[in-house]
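Order of appearance sets the numbers: ligands from 1, and atoms from 1 within every ligand.
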Amino acid sequence: MPRRIIEPFKIKTVEPIRMTSRAEREAILEAAGYNLFLVHAEDVLIDLLTDSGTSAMSAEQWAGMMRGDESYACSRSWYRFRDTVRSIFGFEQVIPTHQGRAAERILFSVLCEPGDVVPNNTHFDTTRANIEFRGAEARDLPIPEALVPSQLHPFKGNLDVERLAALIDEVGAERIPLVMITVTNNSGGGQPVSLANIRAVKQLIAPLGIPLYLDACRFAENAWFIKQREPGYADTSVRAIAAEMFALADGCTMSAKKDGLANIGGFLCTNDPNLARQEQDLLILTEGFPTYGGLAGRDLEAIAIGLEEVLDEDYLAYRAASTRYLGERLTESGVPIIQPPGGHAIYIDAKAMLPQIAPLELPGQALCAELYLEAGIRGVEIGTLMFGHDDPETGEPLPAAMELVRLAIPRRVYTKSHIDYVAEACAEVYARREAIRGLRLTYAAPFLRHFTARLAPI
Ligand SMILES: *Cc1c(COP(=O)(O)O)cnc(C)c1O
């Protein structure tokens, strides 16, 4: 029998979790207007709001923090960072930024004109916002399977190559400044993209002179899925698979808050020195000198070390097993989730779980509130509270396409008993699902309303 997969680390520093009672949580939730973004982190037992910037750093990374060279220009930490990024990602030009979205803003400022169209399997929200801010259009082209939560597919993050070809015919290659592929597809359930798909996209667009960029935030998790699922890669190292992914691309954007195993940071890569020069000019304007971007020397060290650690296959085996385990436990209890489990998160299908709550009464947010009340768990609604909007013509409120609750798993932070606790709480809430009621908005900002909205039970 194969041995169980264990956390491939032991704990050196601990951060206590403050236990709360249900009565305390009821008062906390009410004071926060039923919006988990407004609950103090101290009042959360298991925080699954995001996997971004929430990783636990290793002893080696903390040692690197002490070694950080804070020289303004050409610091030792910069060369370590640059050389690590070059060796894993393979691009010649490396531009450090304070987060992924700063890399996006610089890239689209240089490449996009108003009226352009940027295709992606699914744009992450900051990616979409930065494209739209340039007056260009962000077009999502996921494969059809991606839109059916219960449907299994080994590479549900793939970009639909036929629809991409049709889009190029429709708008013309000259209006498409780049094609992006997000690995793994975060907004589409953390689902991986196959090498065959990246290759097919490259073969379609390269003859037309359209560059291919990877949104590389979870590149190591994606490479791990390729090793597990794509024929011919079982014996290839994750590092070599990542190199093969990036060799097909002309550049990438990266948030080091994900697979950089760091708490802040990002970068932008290209092989084109002219493009890099324009990008560096913008970098100096808002981020900083090209050898530190928006980062301290100690951050550059932590990221350089994190990028090596994230490729450790024992770590990736544990990471994938821990997410899959939560997905399997929920499925056993009857909780409907996006199948199969993705790399960094489990997405509960609140529409399927709470059919008695109409989409405009926010079933996803109601479920988030219940998970907090039940067990102090903080997830995030990805549904009508986040994406609902008013019909521009009639003013009628429109629901989102899906009502999901994302439980994102921070890297190296929680143990298996924490995950068991989450699974048990979800099962308890599922058992009394018929009694759960919806929520109504009592305050909503005109945009990005989910961050500040206030709600009340119906
Ligand atoms: C987090 C994320 C970004 C943006 O990165 P930040 O560091 O949060 O600015 C872009 N794309 C994807 C897929 C992400 O998950």
Please tell me whether [X] and [Y] have a donor and an acceptor in their side chains that are separated by less than 3.5 angstrom.
X	Y	result
Gln191	Thr184	no
Ser71	Asp69	yes
Gln228	Tyr233	no
Arg67	Ser77	no

Under 4.0 Å from a heavy atom of [X]: which atoms of ligand 1 are those, numbered in the order shown and with their elements?
X	result
Thr182	13 (C)
Asn186	13 (C), 14 (C), 15 (O)
Glu104	10 (C), 11 (N)

[atom] - nearest protein heavy atom and its distance:
atom	result
atom 9 (O) of ligand 1	Arg101 NE, 2.7 Å
atom 5 (O) of ligand 1	Ser255 CB, 3.3 Å
atom 11 (N) of ligand 1	Asp215 OD2, 2.7 Å
atom 14 (C) of ligand 1	Lys258 NZ, 2.9 Å
atom 6 (P) of ligand 1	Gln99 NE2, 3.2 Å
atom 4 (C) of ligand 1	Thr126 OG1, 3.5 Å

Check contact between Cys217 and ligand 1, using heavy atoms of the residue and a distance below 4.0 angstrom.
yes

Check this for me - ligand 1, Arg218, N or O atoms closer than 3.5 angstrom, yes or no?
yes

Is any N or O atom of Gly100, backbone or side chain, closer than 3.5 Å to an N or O atom of ligand 1?
yes

The side-chain hydrogen bond (donor to acceptor under 3.5 Å, both in side chains) partner of Thr122 among Thr182, Asn185, Asn186 is Asn185

Any heavy-atom pair between the side chains of Val193 and Ile226 that's under 4.5 Å?
no

Is ligand 1 under 4.0 Å from a heavy atom in the side chain of Lys257, in the backbone, in both, or in neither?
side chain

If you take the centroid of each ring, where Trp contributes its six-membered ring, are Phe9 and Tyr315 closer together than 6.0 Å?
no

Side-chain donor-acceptor distances from residues 274-285 under 3.5 Å, at least two apart:
unit_1 : atom_1 : unit_2 : atom_2 : d
Asn274 : OD1    : Arg277 : NH1    : 3.2

For residues 35-48, please give each side-chain donor-acceptor pair under 3.5 Å, one per line with the distance, not counting sequence neighbours.
unit_1 : atom_1 : unit_2 : atom_2 : d
Asn35  : OD1    : Phe37  : N      : 2.9
Asn35  : ND2    : His450 : O      : 3.0
Asn35  : ND2    : Phe451 : O      : 3.4
Asn35  : ND2    : Ala453 : O      : 2.9
Asp43  : OD1    : Arg18  : NH2    : 2.6
Asp47  : OD1    : Leu49  : N      : 3.3
Asp47  : OD1    : Arg378 : NE     : 3.0
Asp47  : OD2    : Arg378 : NE     : 3.4
Asp47  : OD2    : Arg378 : NH2    : 2.7

